[in-house]
Amino acid sequence: MIRGIHHVAVHVRDLDRMVNFYRQAFGFELVDEGFEWKETPLLDQIIDVPNSAARGCMLRAGTCYLELFQFSAPPPSSDKPLNPFDKGYTHFCVDVTDAAKECERLKGLGMTFGHPFPLDAGHVVTVYGRDPEGNLIEIQETKAACDFRLDKLPPVPA
């Protein structure tokens, strides 16, 4: 039985800086002491990356988790952040109660936005921005008539 999305993972260049950012910006809570590996064949098999080495941590992000990784091996094939139209996972969305106020607060913590304010799309007020390393984050305020509000999700079965 599928219970929902457990976590979203983001590869970052500076783990400590980005943990601090996500804690300050969104109130995400560090749930472990972090982890690291090098020369660990089992992890290489799990992630299908030979000779990998990384450190990371898990942050509680409301109803799911955000996993941050900083790989030291192998080097990334590109240092350029993805755009919304690129192939693959390109962003995650944070649900907020007041998108305009949150965007102003997040700008003070280093986020940048492609539009100066959130846009009203009818069912949501939303805008895409980038964290200090350029990763895309959508800031979204769902309206009462929205069909996919977080508060409309059923409780997770035990």
Side-chain angles (χ1 to χ4, degrees), residues 1-84 86-99 101-114 118 126-142 148-151 153-158:
M1 176 177 169
I2 295 174
R3 295 178 9 157
I5 293 174
H6 181 269
H7 70 271
V8 173
V10 178
H11 177 203
V12 298
R13 291 185 293 272
D14 183 336
L15 181 66
D16 298 325
R17 175 179 180 224
M18 298 311 291
V19 166
N20 187 48
F21 171 78
Y22 283 104
R23 290 177 77 184
Q24 287 184 4
F26 301 108
F28 294 172
E29 302 169 30
L30 197 57
V31 297
D32 60 22
E33 293 299 314
F35 51 85
E36 61 183 292
W37 75 85
K38 181 179 182 180
E39 299 175 5
T40 309
L42 177 62
L43 279 165
D44 289 351
Q45 288 178 325
I46 290 170
I47 67 171
D48 195 23
V49 178
N51 305 309
S52 69
R55 64 188 192 100
C57 66
M58 197 70 82
L59 298 162
R60 185 169 193 273
T63 57
C64 72
Y65 295 93
L66 176 66
E67 187 173 27
L68 299 178
F69 287 100
Q70 180 179 340
F71 277 84
S72 54
S77 54
S78 172
D79 201 31
K80 181 181 167 249
L82 295 176
N83 289 304
D86 287 331
K87 178 75 174 120
Y89 300 102
T90 60
H91 78 280
F92 67 91
C93 177
V94 177
D95 192 69
V96 301
T97 57
D98 188 326
K101 283 184 183 175
E102 283 302 317
C103 287
E104 286 306 310
R105 187 181 69 80
L106 293 168
K107 286 177 188 175
L109 293 170
M111 275 194 75
T112 57
F113 294 90
T126 188
V127 68
Y128 278 40
R130 292 190 182 268
D131 73 14
E133 287 196 356
N135 299 302
L136 280 170
I137 304 169
E138 180 180 3
I139 306 302
Q140 169 186 279
E141 173 187 341
T142 53
F148 50 85
R149 294 174 53 98
L150 285 179
D151 59 3
L153 288 174
V156 176

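Every heavy atom of this structure was used, including side-chain atoms; hydrogens, water molecules and symmetry mates were not.
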Q: Considering all heavy atoms of both residues, which atom of Ala25 and which atom of Leu109 are nearest to each other, and what is their separation?
A: CA-CD1, 3.4 Å
Q: Considering all heavy atoms of both residues, which atom of Pro74 and which atom of Ser52 are nearest to each other, and what is their separation?
A: CD-CA, 4.2 Å
Q: Is there a side-chain contact between Pro118 and Glu141 (heavy atoms, below 4.5 Å)?
A: no
Q: Atom CZ in Arg23, atom CG in Leu59: separation rounded to 0.5 Å?
A: 7.5 Å
Q: Quick one, Arg105 with Glu102, criterion salt bridge (Lys or Arg N to Asp or Glu O under 4.0 Å). Give me CA distance, side-chain angles, the key distance, then yes/no.
A: CA-CA 5 Å; Arg105 187 181 69 80; Glu102 283 302 317; 2.8 Å; yes
Q: For residues Phe71 and Ile47, determine if any side-chain heavy atom of one lies less than 4.5 Å from a side-chain heavy atom of the other.
A: yes
Q: For a 4.5 angstrom cut-off between non-hydrogen side-chain atoms, does Asp44 reach Trp37?
A: yes
Q: In the structure I gave you, are the side-chain heavy atoms of Tyr65 and Phe28 within less than 4.5 Å of one another anywhere?
A: no
Q: Please answer whether the main-chain N or O of Gly62 pairs with a side-chain N or O of Arg60 as donor and acceptor at a distance below 3.5 Å.
A: yes
Q: Testing the basics here: between Phe35 and Cys57, what is the closest heavy-atom pair and its distance to 0.1 Å?
A: CE2-N, 3.4 Å
Q: Judged by atom type as modelled, is there a donor-acceptor pair below 3.5 Å linking the side chain of Thr40 to the main-chain atoms of Lys38?
A: yes
Q: Does any non-hydrogen side-chain atom of Met58 lie less than 4.5 Å from one of Leu66?
A: no
Q: Where the side chain of Glu133 meets the backbone of Asp14, is there a donor-acceptor pair that is under 3.5 Å apart?
A: yes
Q: Can you list the residues that meet the salt bridge (Lys or Arg N to Asp or Glu O under 4.0 Å) rule with Arg55, with sequence neighbours excluded?
A: Asp16
Q: Could Glu104 and Lys107 be called an ion pair, given the rule that one side-chain N must be under 4.0 Å from one carboxylate O?
A: yes
Q: I'd like to know if the side chain of Asp86 and the backbone of Asn83 have a donor-acceptor N/O pair within less than 3.5 Å.
A: yes
Q: Rounded to the nearest 0.5 Å, how far apart are CZ of Arg13 and CG of Leu15?
A: 13.0 Å
Q: Under a 4.5 Å cut-off applied to non-hydrogen side-chain atoms, are Val12 and Arg17 in contact?
A: no
Q: Say you draw a straight line from CD1 of Ile139 to CG of Asp98; how long is it, rounded to the nearest 0.5 Å?
A: 12.0 Å
Q: With heavy-atom distances below 4.5 Å as the criterion, would you say the side chains of Ile137 and Tyr22 are in contact?
A: yes
Q: When rounded to the nearest 0.5 angstrom, what distance separates CE in Met111 from CZ in Arg130?
A: 10.0 Å
Q: Could you state the interatomic distance from NE2 (His91) to CG (Leu82), rounded to the nearest 0.5 Å?
A: 12.0 Å
Q: Determine the minimum heavy-atom distance between Gly129 and Phe113, stating which atoms define it.
A: CA-CD2, 3.5 Å
Q: Would you mind reporting whether Phe26 and Leu106 have side-chain heavy atoms less than 4.5 Å apart?
A: yes
